[in-house]
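Below, chains carry the letters A, B, ... as their sequence lines are ordered, and counting in each starts from 1.
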Protein chains: 2
Amino acid sequence: MGVTKTENFTEAQNQLASLAKALAHPARVAILQYLLKQQTCICGDLVEVLPLAQATVSQHLKELKSVGLIKGEIEGTSVCYCINEAVWEQAKNTLLKLFTLPINTKKCC
Amino acid sequence: MGVTKTENFTEAQNQLASLAKALAHPARVAILQYLLKQQTCICGDLVEVLPLAQATVSQHLKELKSVGLIKGEIEGTSVCYCINEAVWEQAKNTLLKLFTLPINTKKCC
DNA sequence: TGTGTTTATCGTAATATTACGATGTAGATT
DNA sequence: AATCTACATCGTAATATTACGATAAACACA
């Protein structure tokens with residue numbers, strides 16, 4: 001079916017999954033890394049940096065924007081994209097919460 | 001096209017993306033949380049815990065296994081799945097590395 | 001006003017993912 | 001051996017993702 005049964009999982013599980021989904025493409029990882037590194041951040045740069053067409057980059061930006069990890073402000077003709085620091089911190093904590101859960105020692109393996 | 005141009009991104013970017021992809025479904029998040037919490041870990045439990053058919057659960061387990069986050073050992077008739085702690089730690093560090101990158105203060109937004 | 005520049009959106013093709021019933025397989029049990 | 005149990009795999013349908021050319025929209029500038 002290709003449709004995730006979100007309604008049968010917890011809010012937290014769905015949230016973590018959609019955050020992970022946003023990171024689940026190398027282009028989006030690259031975009032985030034670039035935005036973290038750069039001081040100015042204009043979309044045009046990204047099209048030059050990434051091995052993808054302009055339309056595709058725009059699509060990836062849209063996805064990152066929809067989960068809130070980045071925000072874009074119109075700056076004359078171009079758009080200034082940057083990390084949304086609040087959401088970024090929140091995302092970090094969400095992931096950390098999963099990875100710092102205690103691992104019970106298993107009886108079997 | 002639906003096919004990711006992995007060859008144009010760095011090894012690290014692709015690795016992070018495929019790790020994230022493994023986490024990008026609430027069922028897989030739920031599986032990991034369950035495995036972290038449980039001391040014994042038999043697949044049959046998961047089918048009862050998750051709101052999904054056995055075939056679907058098996059499919060999700062396969063994906064988690066393929067990125068190495070979990071490992072399964074045959075234990076008589078059933079299979080003992082558990083977190084692969086080494087890979088788990090590595091995954092944690094991979095993600096942390098992204099999220100602890102310094103955020104440059106932006107000139108624009 | 002007309003023309004370029006920059007980014008978003010549309011349309012669409014190729015491929016991937018999600019889900020499940022049916023079936024296969026392997027060890028356990030009678 | 002026949003059967004049960006537990007899990008994997010196959011086949012398939014529905015839907016989502018990825019990518020890009022074409023086009024639209026918004027602003028800048030001559």
Side-chain angles (χ1 to χ4, degrees), chain A residues 1-9 13-14 17-18 20-31 34-35 40-67 70-82 108-109, chain B residues 1-9 13-14 17-18 20-31 34-35 40-67 70-82 108-109:
Chain A
M1 296 171 180
V3 63
T4 299
K5 292 180 142 188
T6 44
E7 69 279 9
N8 294 312
F9 297 96
Q13 285 165 344
N14 284 313
S18 61
K21 197 187 250 177
L23 303 175
H25 194 289
R28 292 195 289 272
V29 172
I31 289 172
Y34 189 80
L35 290 187
T40 47
C41 40
I42 291 137
C43 183
D45 296 359
L46 286 166
V47 176
E48 283 171 37
V49 170
L50 296 174
L52 294 169
Q54 182 266 325
T56 309
V57 173
S58 190
Q59 203 171 221
H60 283 303
L61 286 167
K62 193 181 177 185
E63 283 176 69
L64 287 171
K65 205 172 168 184
S66 83
V67 296
I70 66 173
K71 56 186 174 182
E73 276 174 32
I74 297 164
E75 193 67 26
T77 318
S78 55
V79 176
C80 165
Y81 274 110
C82 56
C108 38
C109 32
Chain B
M1 295 172 181
V3 62
T4 300
K5 292 182 142 186
T6 45
E7 70 278 8
N8 293 313
F9 297 97
Q13 285 165 344
N14 284 313
S18 59
K21 197 188 252 177
L23 303 175
H25 192 290
R28 293 196 288 273
V29 171
I31 289 171
Y34 188 80
L35 291 186
T40 48
C41 40
I42 290 137
C43 184
D45 297 0
L46 287 167
V47 176
E48 284 171 36
V49 170
L50 296 174
L52 295 170
Q54 181 265 323
T56 311
V57 173
S58 191
Q59 203 170 220
H60 283 303
L61 285 167
K62 192 180 177 185
E63 283 176 69
L64 288 171
K65 207 173 166 184
S66 84
V67 296
I70 66 173
K71 55 185 173 181
E73 276 175 32
I74 296 164
E75 201 53 34
T77 318
S78 55
V79 176
C80 166
Y81 274 109
C82 56
C108 36
C109 32

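For B/Val57 and A/Arg28, each mapped to the nucleotide of DNA chain D holding its nearest heavy atom, the one lying further toward the 5' end belongs to B/Val57. In this structure, A/Ile42 and A/Thr6 both approach DNA chain C, and ranking their closest nucleotides by distance from the 5' end singles out A/Ile42.
Panel note: side chain A/Arg28, backbone B/Ala17; no donor-acceptor pair is recorded below 3.5 Å.
Scanning atom types as modelled, one donor and one acceptor separated by under 3.5 angstrom connect the side chain of A/Gln59 and the base of D/dA19. Put simply, the side chain of B/Gln54 and the base of D/dA6 share no donor and acceptor less than 3.5 Å apart.
Residue A/His60 places none of its side-chain N or O atoms closer than 4.0 Å to OP1 or OP2 of D/dT17. For the OP1/OP2 pair of D/dC20 and a distance below 4.0 Å, the side-chain nitrogens and oxygens of A/Thr56 include at least one atom meeting the criterion.
Contact annotation for B/Lys21: backbone-only contact, meaning every heavy-atom pair under 4.0 Å involves sugar-phosphate atoms and none involves a base. B/Ala55 comes within 4.0 angstrom of a nucleotide base, judged by non-hydrogen atoms across all strands. Within the nucleic acid shown, A/Ser58 comes within 4.0 Å of at least one base atom, counting heavy atoms only.
Taking 4.5 Å as the limit, some side-chain heavy atom of B/Tyr34 sits within range of a side-chain heavy atom of B/Asp45.
When the P atom of D/dC27 is taken as reference, atom CD of A/Glu73 falls 15 Å away, rounded to whole Å. Put simply, CD on A/Glu63 is 13 Å from P on C/dT9, counting in whole angstrom units. Protein atom CG of A/Leu46 is 10 Å distant from nucleotide atom P of C/dA8, rounded to whole Å. Counting to the nearest Å, the P atom of C/dA19 and the NZ atom of B/Lys62 are 16 Å from each other. Rounded to whole Å, the distance from CD1 on B/Ile74 to P on C/dT25 is 15 Å. Computed from coordinates, the A/Glu7 CD to C/dT18 P distance equals 15 Å when rounded to whole Å. For the pair A/Glu75 CD and D/dC27 P, the computed distance is 13 Å after rounding to whole Å. What separates NE2 of A/His25 from P of C/dT15 is a distance of 15 Å, to the nearest Å.
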What pairs of donor and acceptor atoms, side-chain ones from residues 50-58 of chain B against any protein atom, are under 3.5 angstrom apart with sequence neighbours left out?
none

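With D/dC7, C/dT18, C/dA8 as the candidates, the nucleotide lying closest to the side chain of A/Tyr81 is C/dA8. Minimum atom distance to the side chain of B/Leu52 is reached by C/dA19, of the listed D/dG21, C/dT6, C/dA19. Checking C/dA28, C/dT7, D/dC7 against every side-chain atom of B/Val79, the shortest atom distance belongs to D/dC7.
The shortest heavy-atom contact between A/Val67 and A/Ser18 is CG1-O, 4.0 Å.
Atom SG of A/Cys43 is separated from atom CD1 of A/Ile74 by 12.0 Å, given to the nearest 0.5 angstrom.
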